[in-house]
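What follows is a single structure, written as structure tokens, with notes after it.
All ligand and atom numbering here is 1-based and tracks the order in the structure.
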Amino acid sequence: MHSIKQIGKRFWYSTPISDTDRPVLGMVVGSGKALMIDAGNSESHANYFFKELQERGVPHPDIVILTHSHWDHIFGLPALGETLIVSSRETKEEMVKLQPLSWSDEAIDERVHKGIEIEFCAAAIKKEYLDERNISIVLPDVLFEERLEMNLGDVTCIIEKVGGSHASDSVVVYVKEEKILFLGDAIYCRMYAEKWHYKIDETLQLLDKLEAFDAETYILSHTGVLSKEEFQQETSMLRTIAHLTERYNGEKEKIVKKYKEQLQREVSEGEMDTIEQFVNGY
Ligand SMILES: [Zn+2]
């Protein structure tokens with residue numbers, strides 16, 4: 001089940017659900033305007049968030065920013081009504097490609113078979129929507145290229161396109177006064193591919209961009225909240241594995257051996273998966 005949490009004075013979010021692939025939804029509330037971060041994987045996901053926030057006296061969003069074009073972040077848009085939709089130009093271009101698709105079981109299964117859709121997303125869509133699939137892709141109203149600053153009234157959001165292996169259109173939202181960095185799916189690996197993977201350069205460039213923000217709290221769409229320390233552990237792992245992959249030309253055994261030596265402990269299951277994903281991307 002979801003729950004609603006508040007961080008600081010101006011930020012609310014709903015926790016993710018892995019079963020139906022519902023990501024975190026965020027709401028930044030200034031004295032002038034309210035900004036929602038991502039629209040959710042369905043209208044019922046977005047409506048759940050609105051209902052819970054309304055009970056807490058939080059206003060309906062004036063603006064929504066999309067972190068990237070993946071289905072679970074945009075299918076909730078029809079529930080937003082008059083809310084102004086903002087995205088990067090690239091996110092809009094990706095959304096346009098989704099518009100002609102059918103979301104029937106047969107159409108989804110066929111795309112999985114062709115390797116265009118992921119098995120795990122297909123299962124999540126079927127679970128989230130059951131038999132009623134009136135999915136429509138609502139396109140953004142306002143586009144930006146690289147960076148955008150929004151003043152919501154006593155709170156400022158800096159929105160920056162950071163890219164990375166997960167999706168080249170990934171953007172992050174930095175809530176300056178609360179020192180929160182909303183990462184979306186940016187630091188995850190690429191899943192829309194034959195093998196889940198990370199690219200070394202993409203990852204290192206992404207980490208440089210993320211580390212430039214002076215944040216204390218980090219939000220990952222399918223994981224939840226990380227403290228600064230937890231975020232640093234995550235980025236240090238990604239950086240180390242990226243460098244070892246480069247140094248050992250993607251040879252898994254050598255990477256694992258060296259990584260173990262550096263840590264002076266056994267490699268965890270999660271770290272092993274990450275090594276595998278860098279090897280896949282090499
Ligand atoms: Zn994604």
Side-chain angles (χ1 to χ4, degrees), residues 2 13-26 36-42 45-46 49 64-77 85-99 101 103 108 111-112 115-129 135 137-140 159-173 181-199 202-203 205-207 209-210 218-226 231 234-235 238 270 273-274 277-278 280-281:
H2 290 292
Y13 71 96
S14 63
T15 55
I17 291 186
S18 56
D19 218 24
T20 46
D21 211 20
R22 285 187 172 188
V24 170
L25 299 179
M36 183 173 178
I37 307 173
D38 277 337
N41 76 347
S42 64
H45 184 200
F49 191 50
V64 59
I65 174 80
L66 303 174
T67 61
H68 62 304
S69 70
H70 288 163
W71 75 278
D72 48 321
H73 302 257
I74 64 162
F75 279 11
L77 283 171
I85 308 167
V86 181
S87 81
S88 75
R89 183 177 301 278
E90 191 179 344
T91 295
K92 184 190 170 186
E93 285 165 3
E94 292 301 318
M95 288 169 73
V96 168
K97 292 180 197 165
L98 297 177
Q99 276 188 320
L101 301 184
W103 302 95
I108 296 174
R111 290 201 293 276
V112 171
I116 310 166
E117 184 54 85
I118 312 169
E119 186 91 59
F120 147 79
C121 292
I125 292 170
K126 290 174 191 174
K127 221 169 197 171
E128 175 71 31
Y129 285 88
I135 293 166
I137 314 290
V138 182
L139 294 178
I159 294 150
E160 190 178 318
K161 190 171 165 201
V162 293
S165 286
H166 181 77
S168 60
D169 64 326
S170 275
V171 309
V172 296
V173 182
L181 188 61
F182 196 105
L183 296 166
D185 290 354
I187 68 167
Y188 300 136
C189 66
R190 178 168 294 265
M191 294 162 159
Y192 284 88
E194 203 179 313
K195 286 179 175 175
W196 288 15
H197 68 261
Y198 281 107
K199 293 277 183 199
E202 284 171 353
T203 306
Q205 282 163 17
L206 169 72
L207 296 178
K209 288 178 190 166
L210 299 181
Y218 297 81
I219 297 171
L220 278 70
S221 289
H222 297 278
T223 315
V225 171
L226 299 188
F231 175 74
E234 189 71 21
T235 54
L238 289 170
D273 289 343
T274 305
Q277 287 150 4
F278 271 98
N280 288 343

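The minimum distance between the Zn ion (ligand 1) and any N, O or S atom of H70 involves atom ND1. The nearest N/O/S atom of H68 to the Zn ion (ligand 1) is NE2.
For a distance bound of 2.8 Å, the N, O or S atoms of D185 include one lying that close to the Zn ion (ligand 1). Using a cut-off of 2.8 Å, one finds that H73 contributes no N/O/S atom close to the Zn ion (ligand 1).
A side-chain donor from one of Y188 and T223 sits under 3.5 Å from a side-chain acceptor of the other.
In the displayed structure, Q99 atom CD is contacted under 6.0 Å by more than 12 heavy atoms of other residues, nucleotides or ligands.
The nearest pair of heavy atoms linking S170 to H68 is CA-CB, 4.1 Å.
Using a 4.0 Å cut-off between charged nitrogen and carboxylate oxygen, E90 and K161 count as a salt-bridge pair.
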